[in-house]
Number of protein chains: 2
Amino acid sequence: MHKAGAEKYTRQRQAAIRAAAAVFAEKGFHGACTKDIAERMGIKQGSLYYYFKSKQEALSEVCLFGIQDYVQHMEDISGSEQSFEAKLAATVTSHLSSYRERNEALKVYNDERLYLPEAKRSRLKELGSHYRQQLEEIFEDGKKSGAVRESMDCHFAAQAVIGMCNAWGDLIVRDPELDLFRVIHKCTDLLINGFIQQTNTTNRN
Amino acid sequence: MHKAGAEKYTRQRQAAIRAAAAVFAEKGFHGACTKDIAERMGIKQGSLYYYFKSKQEALSEVCLFGIQDYVQHMEDISGSEQSFEAKLAATVTSHLSSYRERNEALKVYNDERLYLPEAKRSRLKELGSHYRQQLEEIFEDGKKSGAVRESMDCHFAAQAVIGMCNAWGDLIVRDPELDLFRVIHKCTDLLINGFIQQTNTTNRN
DNA sequence: AATAAATTCTATAGAGCTATAGAAATATTG
DNA sequence: CAATATTTCTATAGCTCTATAGAATTTATT
């Protein structure tokens with residue numbers, strides 16, 4: 001067993017989480033085998049169990065890694081003093097950027113978290129719900145400031161934004177050629193300006 | 001082996017496809033086992049192979065079942081003479097309704113089709129691409145008629161609509177309490193009216 | 001260099017799952 | 001009813017995968 005002071009352990013464990021993320025993203029939790037994960041980081045199958053006590057634990061760590069930092073971003077955005085449009089744009093940017101930076105872990109969180117044991121899953125679910133709630137509040141505040149129309153269902157709107165980001169995130173992970181900033185720009189544009197031809201110019205950028 | 005004239009076979013095979021859809025939707029293709037599928041339709045594991053030659057074939061049939069009919073709907077919508085708004089609303093309605101009617105098969109198509117062998121997958125992919133293309137054309141036509149703003153990226157818009165419908169479809173499948181028509185209405189409203197407060201009233205319903 | 005600690009390896013038990021074969025049961029037809 | 005066809009069952013070969021144990025190797029410490 002490792003001891004404090006041996007920092008190779010933490011480095012390798014992080015590598016294991018990233019390797020697991022990549023393999024789970026490609027083959028799914030049940031489709032992936034521990035051999036794939038181990039080989040991706042250049043060790044043998046059995047050695048992986050020096051870093052995880054089970055395959056489930058690997059999934060659990062990947063999922064946590066996947067969201068912890070875009071949840072943190074939302075905390076910052078939500079607390080800041082910006083216009084509704086700026087907050088919405090920041091949310092989209094942070095969410096989509098996470099798909100690139102976090103090495104598939106966010107995709108794994110979305111697609112495979114339901115295979116976690118109940119206890120772990122509900123802890124992660126809290127984080128996810130909190131994220132959605134904060135986005136919902138951004139919409140509520142937008143209503144108060146007059147940026148968002150009265151008739152908007154804010155719960156629904158938050159869900160829709162997250163769904164749209166995840167759909168695009170999927171494509172971002174699958175296709176490394178895809179220009180992240182182009183996608184961010186288009187998503188933001190769509191959310192702020194909508195599909196429809198409008199004659200007033202108040203909310204264009 | 002069965003023979004023509006024995007219509008129990010086709011009835012049971014359809015039941016097998018629905019059972020497989022439910023199980024694959026819940027546990028994923030690799031997480032599901034043929035025992036689960038068989039038991040759900042009240043037969044034993046081995047008997048399932050009277051209807052499928054492999055687990056892969058079951059997946060293949062489920063995926064096909066999942067899309068064939070909403071792809072067909074799009075064909076009708078695309079060919080019809082309606083306003084942009086009406087076509088968009090019809091698309092959302094058809095897409096989301098499929099999630100309820102088709103017994104989880106559409107969800108399986110979205111989440112598990114990448115585990116199909118290449119040959120099958122590319123045949124299904126064609127259907128999916130065709131669907132997106134037709135939606136894209138609806139947007140292009142909308143531009144020509146002035147309903148959609150010039151600056152809209154139609155390819156992107158189509159992708160976004162599909163992504164949003166799929167995100168909501170997931171929730172519809174997961175939660176049978178969720179009111180389908182409420183979701184359809186809200187999605188349509190969001191797509192047509194957008195998030196933002198507008199001063200002109202041209203495109204409200 | 002000798003000793004101890006940390007990391008990786010090999011080998012495997014034990015479990016679960018797919019797909020098949022052939023028997024048994026059920027339904028259909030003459 | 002007897003003969004035939006269809007559907008389901010039981011049993012299992014053969015494979016893959018997880019997780020563990022203990023040996024071997026590498027890295028750090030005295």
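Chain A is the first sequence line, chain B the second, and so forth, proteins listed ahead of strands; every chain is numbered from 1.
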Rounded to whole Å, please give me the gap between [atom1] in [X] and [atom2] in [N].
{"X": "Y9(A)", "N": "dT27(D)", "atom1": "OH", "atom2": "C1'", "result": "17 Å"}
{"X": "L48(A)", "N": "dC17(D)", "atom1": "CG", "atom2": "C1'", "result": "13 Å"}
{"X": "H30(B)", "N": "dT16(D)", "atom1": "NE2", "atom2": "P", "result": "14 Å"}
{"X": "L59(A)", "N": "dT18(D)", "atom1": "CG", "atom2": "C1'", "result": "15 Å"}
{"X": "K35(A)", "N": "dT10(C)", "atom1": "NZ", "atom2": "C1'", "result": "14 Å"}
{"X": "M41(B)", "N": "dT7(D)", "atom1": "CE", "atom2": "C1'", "result": "11 Å"}
{"X": "Q45(B)", "N": "dT8(D)", "atom1": "CD", "atom2": "P", "result": "14 Å"}

Give the nucleotide from the list [options] with an atom nearest to the side chain of [X].
{"X": "K55(B)", "options": "dT7(D), dT8(C), dT18(C)", "value": "dT18(C)"}
{"X": "K44(B)", "options": "dT7(D), dT18(C), dC9(D)", "value": "dC9(D)"}
{"X": "C33(B)", "options": "dT18(D), dT18(C), dT7(C)", "value": "dT18(C)"}

For a quick check of understanding: with a heavy-atom distance under 4.0 Å over all strands, which category does [X] fall into, base, sugar-phosphate or nothing?
{"X": "F52(B)", "value": "nothing"}
{"X": "Q12(A)", "value": "sugar-phosphate"}
{"X": "A32(B)", "value": "sugar-phosphate"}
{"X": "T34(A)", "value": "sugar-phosphate"}

**Item:** Nearest atoms (heavy-atom pairs only) where A16(A) meets F52(A)
**Value:**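 Heavy atoms of A16(A) and F52(A) come nearest at CB-CE1, 3.7 Å.
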
May I ask you to evaluate whether [X] reaches the phosphate of [N], defined as a side-chain N or O under 4.0 Å from OP1 or OP2?
{"X": "Y50(B)", "N": "dT8(D)", "answer": "no"}
{"X": "Y51(B)", "N": "dT8(D)", "answer": "yes"}
{"X": "S47(B)", "N": "dC9(D)", "answer": "yes"}
{"X": "Y49(B)", "N": "dA19(C)", "answer": "yes"}
{"X": "K8(B)", "N": "dT8(D)", "answer": "yes"}

**Ring centres under 6.0 angstrom apart (Y9(B), Y50(B))** =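 For Y9(B) and Y50(B), the ring centres are under 6.0 Å apart.
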
**Asked** Is the H95(B)-Y131(B) ring centre distance short of 6.0 angstrom?
**Response**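 Yes.
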
**Item:** Trace of the side-chain hydrogen bond (donor to acceptor under 3.5 Å, both in side chains) decision for D170(B) with Y99(B)
**Value:** CA-CA 8 Å; D170(B) 242 49; Y99(B) 274 99; 5.4 Å; no

**Request:** Can you measure from CZ (R113(A)) to NZ (K125(A)) and round to the nearest 0.5 angstrom?
**Result:** 8.5 Å

**Message:** What I want to check is whether an N or O donor and acceptor connect the side chain of E7(A) with the base of dA6(C) at under 3.5 Å.
**Reply:** no

